[in-house]
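Shown next, in structure tokens, is the structure this report addresses.
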Amino acid sequence: MKKAVHLNALRALEASARHQSFSAAADELNVTPAAVGQLVRSLEDAVGLPLFYRKPSGKSRLIPTKTVELALPHIRAGLDSLAQGLAQLQAGSNSGVLTVTVSPAFAAKWLLPRIDRFQSLQPDIDVRLDTSAKSIDFAIQDVDIGVRYGAGTWAGLVSEKLMEEEIYPVCSPQLLQGKNALDLTQEMLIHDRSMDGFIGFPSWDDWLAQARLTNATLSKVDTSRGMQINNSAAVLQAVINGHGVALARSVMARDDVAAGRLVRLFPEITFSSPLAYYVVYQAESAHMATLEAFRDWLFAEVSSTHESDFI
């Protein structure tokens with residue numbers, strides 16, 4: 001083809017082939033059947049070939065030629081891609097809204113207690129928070145940026161390490177009343193099952209394997225029993241309520257330990273998590289002003305609150 005073909009003609013061709021009717025295509029495109037026919041004829045003139053076999057009667061009066069059948073997948077893919085591009089442009093026009101995805105536990109224990117500081121710095125940005133325990137597709141769900149916990153690799157996303165953390169047991173102050181130390185063999189162990197099956201997620205067995213190198217009395221602790229909860233924030237709340245002892249993730253427990261709602265046990269034992277928190281986003285969104293503002297705030301917030309003191 002020596003000249004560009006108007007996109008409306010390709011839309012008319014695709015709709016006509018799908019419906020096998022100019023009239024039905026016209027209803028979908030909100031134009032007249034004559035307009036659809038004219039657009040299709042313009043394509044036939046441009047390529048120098050007939051694009052439909054026309055029947056004099058019957059429900060399906062248009063039969064796409066073999067050439068059209070071969071071309072349709074490419075035409076449809078192109079039209080879909082253009083529609084996605086338009087949606088992206090429309091989303092960009094709503095520049096004051098930023099969609100952020102985090103886990104429910106991270107939202108409750110870290111982000112929400114601090115988000116007012118971001119809103120004070122960026123009053124023109126409206127944060128739309130998506131709290132999901134599962135990884136979601138950024139493109140399909142229209143998510144701009146997120147914080148994920150893991151090994152740092154997620155298909156289709158740029159990831160930047162935000163903060164690491166330490167794992168340690170915690171209990172409520174009430175559980176320690178009148179005691180110099182807790183005997184873990186006599187206490188209810190609370191197990192965090194929020195990332196069951198995720199390789200590297202620390203368990204009581206992992207912590208005890210390290211702790212027994214320092215404290216041999218911990219060798220008798222039975223990890224096969226206890227309360228099991230599939231949300232890290234709920235695990236900490238159960239401990240605060242005095243239901244037992246749990247392994248805390250330092251990023252989640254930081255504020256509760258600082259406020260005295262939780263007490264760190266065995267501070268002489270250190271155990272760093274092999275997993276970390278990462279800021280994640282799509283590469284093509286990296287230069288969005290709202291995304292950059294939120295990303296920069298996250299790193300500044302971690303630095304200013306001295307998270308490194310707790311890892």
Which atom names give the shortest non-hydrogen contact between [X] and [Y], and what distance separates them?
{"X": "S16", "Y": "F52", "result": "CB-CZ, 3.8 Å"}
{"X": "A211", "Y": "L218", "result": "CB-CD1, 3.6 Å"}
{"X": "V170", "Y": "R264", "result": "CG1-CA, 4.2 Å"}
{"X": "A233", "Y": "N231", "result": "N-OD1, 2.9 Å"}
{"X": "E292", "Y": "A286", "result": "CG-O, 3.3 Å"}
{"X": "P173", "Y": "G260", "result": "CG-O, 3.1 Å"}

Polar contact flag, side-chain donor to acceptor under 3.5 angstrom, [X]-[Y]:
{"X": "S203", "Y": "D206", "answer": "yes"}
{"X": "Q237", "Y": "N241", "answer": "yes"}
{"X": "D222", "Y": "S224", "answer": "yes"}
{"X": "R249", "Y": "S232", "answer": "yes"}

Is [Y] close to [X] at the side-chain level, that is, under 4.5 Å between some pair of heavy atoms?
{"X": "E160", "Y": "Y281", "result": "yes"}
{"X": "E44", "Y": "L49", "result": "no"}
{"X": "I145", "Y": "L291", "result": "yes"}
{"X": "S250", "Y": "Y168", "result": "yes"}
{"X": "Y277", "Y": "L298", "result": "no"}
{"X": "D196", "Y": "F201", "result": "no"}

Taking atom [atom1] of [X] and atom [atom2] of [Y], what is their separation to the nearest 0.5 Å?
{"X": "E28", "Y": "S21", "atom1": "CD", "atom2": "OG", "result": "11.0 Å"}
{"X": "S120", "Y": "W297", "atom1": "OG", "atom2": "CH2", "result": "10.5 Å"}
{"X": "L262", "Y": "M252", "atom1": "CG", "atom2": "CE", "result": "13.0 Å"}
{"X": "E268", "Y": "N215", "atom1": "CD", "atom2": "CG", "result": "6.5 Å"}
{"X": "L111", "Y": "S103", "atom1": "CG", "atom2": "OG", "result": "9.5 Å"}
{"X": "T270", "Y": "Q210", "atom1": "OG1", "atom2": "CD", "result": "6.0 Å"}

Check the hydrophobic clustering (I, L, V, M, F, W, Y; side-chain heavy atoms under 4.5 Å; chains of links allowed) and say if [X] and [Y] are grouped together.
{"X": "V127", "Y": "I136", "answer": "no"}
{"X": "F22", "Y": "L10", "answer": "yes"}
{"X": "F271", "Y": "M195", "answer": "no"}
{"X": "L275", "Y": "V280", "answer": "no"}
{"X": "L182", "Y": "I190", "answer": "no"}

Would you call [X]-[Y] a salt bridge at under 4.0 Å N-O?
{"X": "D183", "Y": "K220", "answer": "no"}
{"X": "R128", "Y": "D144", "answer": "no"}
{"X": "K109", "Y": "E165", "answer": "no"}

Checklist entry - D192 and L247: side chain to side chain contact (heavy atoms under 4.5 Å, CB included), yes or no, with the steps? => result CA-CA 8 Å; D192 186 341; L247 277 183; over 6 Å; no
Surrounding [atom1] of [X] (heavy atoms of other residues, nucleotides or ligands, distance under 6.0 Å), is the total greater than 12?
{"X": "I199", "atom1": "CD1", "answer": "no"}
{"X": "R11", "atom1": "CZ", "answer": "no"}
{"X": "N30", "atom1": "CG", "answer": "no"}

Item to check | L129 vs L112, side chain to side chain contact (heavy atoms under 4.5 Å, CB included): CA-CA, chis, key distance, verdict | outcome: CA-CA 10 Å; L129 193 59; L112 288 177; 3.8 Å; yes
Checklist entry - Under the ring pair (Phe, Tyr, Trp, His ring centres under 6.0 Å) criterion, do F198 and Y149 qualify, and how do the steps go? => result CA-CA 10 Å; F198 194 98; Y149 184 67; 7.6 Å; no
[Y] backbone acceptor or donor facing [X] side chain under 3.5 Å:
{"X": "Q38", "Y": "P33", "value": "no"}
{"X": "S42", "Y": "L39", "value": "yes"}
{"X": "R148", "Y": "Y278", "value": "no"}
{"X": "H191", "Y": "R225", "value": "yes"}
{"X": "W204", "Y": "A246", "value": "no"}

Next on the checklist: Walk me through whether L176 and L265 qualify under side chain to side chain contact (heavy atoms under 4.5 Å, CB included).
Outcome noted: CA-CA 10 Å; L176 269 177; L265 303 174; 4.2 Å; yes
Checklist entry - Do D205 and T223 pass the side chain to side chain donor-acceptor pair (under 3.5 Å) test, and can you show the C-alpha distance, the side-chain angles, and the key distance before you say yes or no? => result CA-CA 7 Å; D205 287 329; T223 62; 2.6 Å; yes
Checklist entry - Run the ring pair (Phe, Tyr, Trp, His ring centres under 6.0 Å) check on W207 and F266 step by step: do they pass? => result CA-CA 11 Å; W207 183 83; F266 306 100; 5.8 Å; yes
Next on the checklist: Below 30° counts as parallel, above 60° as perpendicular, anything between as tilted: where do the rings of F118 and F294 land?
Outcome noted: perpendicular
Item to check | L62 vs V40, side chain to side chain contact (heavy atoms under 4.5 Å, CB included): CA-CA, chis, key distance, verdict | outcome: CA-CA 12 Å; L62 291 178; V40 170; over 6 Å; no
